[in-house]
Amino acid sequence: MYRLFVATPVDQLSIPVVSARGMHSHGDRETQLATMRTFSQESWITRGEIGYNILHYDHAVAILRDKRWHSAIGLITEFNPDATPEFRARRRESILSAEGDTHVRLRRLIGPAFSPRNADALRPFMREVVEELLDTVTNSGTADVAIDICNPYPIPIICELLGAPRSDLALFSRWAGDILRVFDNNLKNDIPLITAAQDELDEYTRALIAKRRSEPRDDLLSALIANEEQGDKLSTEELVMMVEAVILGGTDTTRNQLGLAVALLANQPDEWAAIARDSSRAARLVEEVMRVNGAVRATGRVASIDIEYNGVLFPQGTLVFPSLATANFDPAKFRDPELFTLDRNDANSPQLTFGAGIHYCLGASLARAEMQEALPLLARRMENLEISGPVRYKVATAGIYGPESLPVKFTPNPSRGHCAT
Ligand code: HEM
């Protein structure tokens with residue numbers, strides 16, 4: 001009955017400490033990431049202010065796949081001293097925070113709607129949206145890619161997917177931007193904006209669901225309403241939660257990831273020219289961009305019970321942060337990880353920016369399709385792209401990160417049309 005306890009309690013490990021305090025600028029953020037990557041040569045784990053960073057690919061994946069570790073998304077506000085009790089009380093379960101049978105059921109009911117096939121069906125629409133956005137800038141030869149292209153791009157796609165009218169684009173954009181401030185570590189200022197946006201989105205979503213119940217159409221929301229598996233259906237509350245998860249999960253992520261991609265490719269002129277000529281490179285390009293410069297650098301897990309892992313005891317309640325951005329540079333998985341190259345044979349080690357395990361990004365096929373369609377068109381119509389001024393990034397602590405302003409100049413190519421494959 002007695003067990004010899006050999007695992008070392010995590011707080012007794014002698015491991016490097018990485019602090020996010022004093023991280024203000026883009027440079028600070030890059031330095032912190034470089035420090036983590038350096039520490040990863042000597043340790044798979046570092047200590048942070050409120051938990052432990054997991055640095056190696058295999059350990060990050062193992063923890064994300066281990067059901068004893070639960071999503072820590074619901075704890076974001078718990079650990080924020082600026083969150084008021086009223087703000088904390090507003091927290092609701094979402095697919096991101098659900099675990100166990102509840103989560104399995106949600107993924108079973110919702111997952112099929114996010115299949116690669118359904119994402120592919122939206123590709124012509126995605127191209128149309130990108131072309132329209134490019135039409136507004138390609139005469140001048142200058143643009144702010146973040147503001148003119150990346151920010152607006154995902155919203156019509158999400159509206160089309162859900163079956164929301166395009167006239168509501170501006171509303172969606174504002175709600176998504178404001179609600180996602182919860183990740184930006186600036187709650188002191190942001191609570192009023194976040195709660196107002198949550199309330200407005202809630203009211204809007206309920207009205208849209210009611211409309212689709214009485215007038216079903218060929219869209220995701222109608223499909224989710226009709227979806228019936230062995231007599232199981234999503235309740236109205238679950239539908240509201242899902243629509244909101246799609247709006248929130250599907251906008252800021254894609255727009256920031258596309259902005260990071262363009263910022264990176266502006267310094268890779270040969271690749272920019274190559275993708276303009278040959279869109280069949282797009283799939284590999286998107287994976288490598290996301291490996292090298294992912295918009296989501298880490299995610300959080302909390303120990304639901306005492307967990308022994310890799311000789312370490314993590315008491316119940318311990319927080320860990322699998323560092324996707326450090327794992328994406330793990331030399332055990334990616335040869336010459338600093339090198340940006342499309343010639344990777346990473347079938348056994350996909351880039352981790354979409355996460356892993358049961359919470360693996362539901363919208364990954366959609367996001368991939370959006371970027372695979374956008375990048376060749378941008379490269380084709382913005383030839384010889386160069387960054388033409390200071391790039392301004394989001395606050396350094398932002399959970400979903402990317403450029404807020406990305407000024408560029410280029411040789412305009414006004415003619416529409418997809419490049420050869
Ligand atoms: C490049 C763009 C995107 C990135 C980098 C990204 C990243 C991620 C990551 C890392 C997770 C897992 C979080 C965790 O394990 O804690 C996740 C989950 C999720 N994503 Fe994405 N995402 C992107 C686009 C999208 C899109 C387009 C949608 C929806 C249309 C979406 C919807 C979701 C949802 C609903 C979840 C929760 C899944 C679950 O808990 O089962 N994401 N995403």
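As the structure lists them, so they are numbered: ligands from 1, and atoms in each ligand from 1.
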Would the distance check show the side chain of D178 and the main-chain N or O of I194 forming a donor-acceptor pair, the cut-off being under 3.5 Å? no
So is R368 in contact with ligand 1, going by heavy-atom distances below 4.0 Å? no
Using 0.5 Å steps for rounding, measure from the CG atom of L55 to the CD1 atom of I45. 8.0 Å
Check each atom of ligand 1 against the heavy atoms of G355 and keep those under 4.0 Å away; list them by number with element. 10 (C)
Taking N or O atoms only and a 3.5 Å limit, does T353 qualify as a polar contact for ligand 1? no
Only heavy atoms of R301, strictly under 4.0 Å: list the atoms of ligand 1 that pass. 14 (C), 15 (O), 16 (O)
Test item, M242 contacting ligand 1 (heavy atom, 4.0 angstrom): no
Can you check whether A62's main-chain N or O pairs, donor with acceptor, with D66's side chain at less than 3.5 Å? no
For atom 32 (C) of ligand 1, what's the nearest protein heavy atom and its distance? G363 N, 3.8 Å
Heavy atom of L161, distance to ligand 1 below 4.0 Å: no
Atom 34 (C) of ligand 1 [closest protein heavy-atom partner, distance rounded to 0.1 Å]: L362 CB, 3.8 Å
Ranking C361, G249, G399, S97 by closest non-hydrogen atom to atom 20 (N) of ligand 1, top hit is C361
Given that the side chain starts at C-beta and the backbone is N, CA, C, O, which of these parts of E244 lies under 4.0 Å from ligand 1, counting heavy atoms, or is it both or neither? neither
Quick check: H103 and ligand 1, any N/O pair under 3.5 Å apart? yes
More than 12 non-hydrogen atoms from neighbouring residues, nucleotides or ligands closer than 6.0 Å to CZ on R213, yes or no? yes
List the closest protein heavy-atom neighbour of atom 3 (C) of ligand 1: residue, atom name, distance to the nearest 0.1 Å. T253 CB, 3.4 Å
Please tell me if the side chains of W44 and T326 come closer than 4.5 Å, counting only heavy atoms from C-beta onward. no
Honestly, for T299 the part within reach of ligand 1 (heavy atoms, under 4.0 Å) is side chain
Nitrogen or oxygen atoms of R107 and ligand 1 under 3.5 Å apart: yes
Residues R37, E338: salt bridge by 4.0 Å N-O rule: no
Within the 4.0 Å heavy-atom cut-off, what Q257 brings close to ligand 1 is side chain
Is there a nitrogen or oxygen of H359 sitting under 3.5 Å from a nitrogen or oxygen of ligand 1? yes
Protein heavy atom at shortest distance from atom 37 (C) of ligand 1: L96 CG, 3.5 Å
Taking it one step at a time, do Y309 and W69 satisfy ring pair (Phe, Tyr, Trp, His ring centres under 6.0 Å)? CA-CA 11 Å; Y309 175 75; W69 291 100; 7.9 Å; no
Can you find a pair of side-chain heavy atoms, one from L285 and one from E271, that are under 4.5 Å apart? yes
Ring center gap for W175 and Y204 short of 6.0 angstrom: yes
Taking non-hydrogen atoms only, is F354 closer than 4.0 angstrom to ligand 1 via side chain, backbone, both or neither? both
Among all protein non-hydrogen atoms, which one is nearest to atom 27 (C) of ligand 1, and what is the separation to 0.1 Å? G250 CA, 3.5 Å
Parallel, tilted or perpendicular: rings of Y52 and F314 (30°, 60°): perpendicular
Is there a donor-acceptor pair closer than 3.5 Å between any side-chain N or O of S214 and the backbone N or O of K211? yes
May I ask you to identify, for I95, whether its side chain, its backbone, both or neither come under 4.0 Å of ligand 1 on a heavy-atom basis? both
Can you tell me which residue and heavy atom of the protein come closest to atom 30 (C) of ligand 1, and the distance to 0.1 Å? L366 CD2, 3.6 Å
Scan side-chain atoms only and decide if D219 and S222 contain a donor-acceptor pair under the 3.5 Å cut-off. yes
Under 4.0 Å, heavy atoms only, figure out whether ligand 1 is touched by the backbone of I73, its side chain, both or neither. neither
Taking only non-hydrogen atoms of A367 and a 4.0 Å limit, the atoms of ligand 1 in range are 1 (C), 2 (C), 24 (C)
CZ of R65: more than 12 outside heavy atoms within 6.0 angstrom? no
For I358, the ligand 1 atoms whose distance to one of its heavy atoms is below 4.0 Å: 41 (O)
Numbered in order shown, the ligand 1 atoms found under 4.0 Å of a heavy atom of F114 are 30 (C)
What do you reckon, is CG of D336 surrounded by more than 12 foreign heavy atoms closer than 6.0 Å? yes
May I have the step-by-step check of salt bridge (Lys or Arg N to Asp or Glu O under 4.0 Å) for R123 and D120, ending in yes or no? CA-CA 5 Å; R123 283 179 188 261; D120 287 347; 2.8 Å; yes
